Amino acid sequence: MSSINNNSANPVITELYQLVYISRITSTGLSGASTLNDIAKISVKNNKADDITGVLCYGNGYFFQCIEGSEQALTNLKNRLLLDDRHKYLQILEFSEIDKRRFTRWSMRSIILERWMTTDPKVKALMPFKPYSWSNEQGRQFLDFLQGYYEEQKNMGKVHIDDQPVKYSALGLTLSKVMGQHQAFFLIQSVLGALIVLTLLWFMLS
Ligand code: FAD
């Protein structure tokens, strides 16, 4: 689909594109106290200015992002993403022209994926989140799932461009109020890890 930019005396017709990629968080990304919130904050600000919309998912050490906008704006963002040392192994799944945006009112919605967030069996089958092992079809299924979530939120009147950046499970949300969203996520991961180790020890010793 084309859109017309009327900001100048000579209107410029821009085609609409989508860029979908996956990447892996680095130790730099993991060591930052609020990496996910920092990314969400700068993304909302920049993307609004660049007329980019989309969604960023994080889970199990991986990112999955879909961004929509003009080819030039997406290329500029892709070049910044390639320089960002908070993630690595950026792999483009799709960079193509589209008819319309999937996430019209999300300048950048960040979602932390947790297995129990969805009851959809197709999506459950994609957990734990390992997007590098997905087929193209599974990547598309996941994108459709995200769009479904967006539509659901929209129908419930919950989609606002300035939505809170990171979505958590009820437990994560409670903890995040006490200690910050990013730390809460890693605390949960650590507690779960410790429980697994204790269970293994118990089995070995009994
Ligand atoms: P500057 O602030 O000048 O950044 C300079 C350099 O430092 C860049 O390499 C930058 O990536 C890096 N940097 C910035 N902040 C930090 C920090 N807190 N810790 C470590 N390094 C840092 N940006 C968008 O505008 N839109 C998006 O949708 C978007 N999605 C992202 C998704 C992921 C998974 C990641 C990792 C980053 C994303 N970013 C996004 C951020 C993007 O990579 C740039 O950092 C940002 O756009 C600012 O670029 P800059 O060069 O103007 O910023």
Side-chain angles (χ1 to χ4, degrees), residues 3 14-98 100-114 117 126 128-134 139 142-143 145-147 149-150 153 159-168 172 176 179-186 189:
S3 67
T14 47
E15 307 293 334
L16 193 56
Y17 276 72
Q18 85 172 353
L19 169 62
V20 184
Y21 75 85
I22 51 178
S23 64
R24 190 163 187 180
I25 198 163
T26 55
S27 49
T28 309
L30 278 173
S31 62
S34 56
T35 295
L36 298 177
N37 288 328
D38 292 347
I39 292 172
K41 210 168 157 192
I42 189 78
S43 300
V44 169
K45 179 173 162 279
N46 287 349
N47 294 359
K48 268 186 194 176
D50 297 335
D51 194 24
I52 291 176
T53 48
V55 61
L56 172 66
C57 291
Y58 174 78
N60 198 28
Y62 301 102
F63 291 107
F64 177 105
Q65 188 172 29
C66 171
I67 39 185
E68 311 157 327
S70 74
E71 187 178 15
Q72 188 59 60
L74 296 188
T75 304
N76 293 344
L77 176 51
K78 185 189 74 180
N79 291 339
R80 299 204 302 276
L81 288 167
L82 286 168
L83 293 176
D84 198 320
D85 63 359
R86 290 169 290 187
H87 67 165
K88 59 185 177 182
Y89 309 142
L90 191 150
Q91 184 179 314
I92 293 177
L93 305 183
E94 188 110 30
F95 193 1
S96 54
E97 203 180 331
I98 49 173
K100 57 182 175 127
R101 296 175 191 255
R102 287 174 183 260
F103 308 103
T104 314
R105 302 200 61 192
W106 282 349
S107 51
M108 187 43 59
R109 179 73 154 129
S110 302
I111 298 176
I112 292 192
L113 293 166
E114 290 167 1
M117 268 178 63
L126 298 174
F129 188 55
K130 289 182 179 169
Y132 285 90
S133 64
W134 290 352
F142 187 68
L143 200 54
F145 159 72
L146 291 174
Q147 187 177 3
Y149 176 65
Y150 168 82
Q153 296 282 302
V159 176
H160 301 294
I161 217 147
D162 290 320
D163 258 357
Q164 228 196 328
V166 182
K167 183 170 169 44
Y168 280 82
S176 72
M179 52 190 302
Q181 292 175 331
H182 193 58
Q183 290 96 324
F185 174 70
F186 287 108
Q189 300 283 32

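Whatever order the structure lists ligands and atoms in, that order sets their numbers, starting from 1. These figures come from a predicted structure and were not determined experimentally.
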> Got a sec, which residues hit side-chain hydrogen bond (donor to acceptor under 3.5 Å, both in side chains) with Ser43, two or more places apart in sequence or on another chain?
Replying inline: none
>> I'd like to check the side-chain hydrogen bond (donor to acceptor under 3.5 Å, both in side chains) partners of Tyr62; sequence neighbours left out, ordered by chain and number.
In response: none
> Mind checking what residues have non-hydrogen atoms under 4.0 angstrom from ligand 1?
Replying inline: Tyr21, Asp38, Ile39, Ser43, Asn46, Asn47, Leu56, Phe63, Gln65, Leu77, Arg80, Leu81, Leu83, Asp84, Asp85, Arg86, His87, Met108
>> Would you compute the distance between atom SG of Cys57 and atom CD of Gln65 and round it to the nearest 0.5 angstrom?
In response: 9.0 Å
> Looking at Tyr149 and Arg109, what are the two nearest heavy atoms and their distance?
Replying inline: OH-NH2, 3.9 Å
>> Please determine whether side-chain contact (heavy atoms from CB on, under 4.5 Å) holds for the pair Arg105 and Thr53, giving the CA-CA distance in whole Å, both sets of side-chain angles, and the decisive distance to 0.1 Å.
In response: CA-CA 7 Å; Arg105 302 200 61 192; Thr53 48; over 6 Å; no
>> Using the side-chain hydrogen bond (donor to acceptor under 3.5 Å, both in side chains) criterion, which residues pair with Arg86? Sequence neighbours excluded.
In response: Asp84
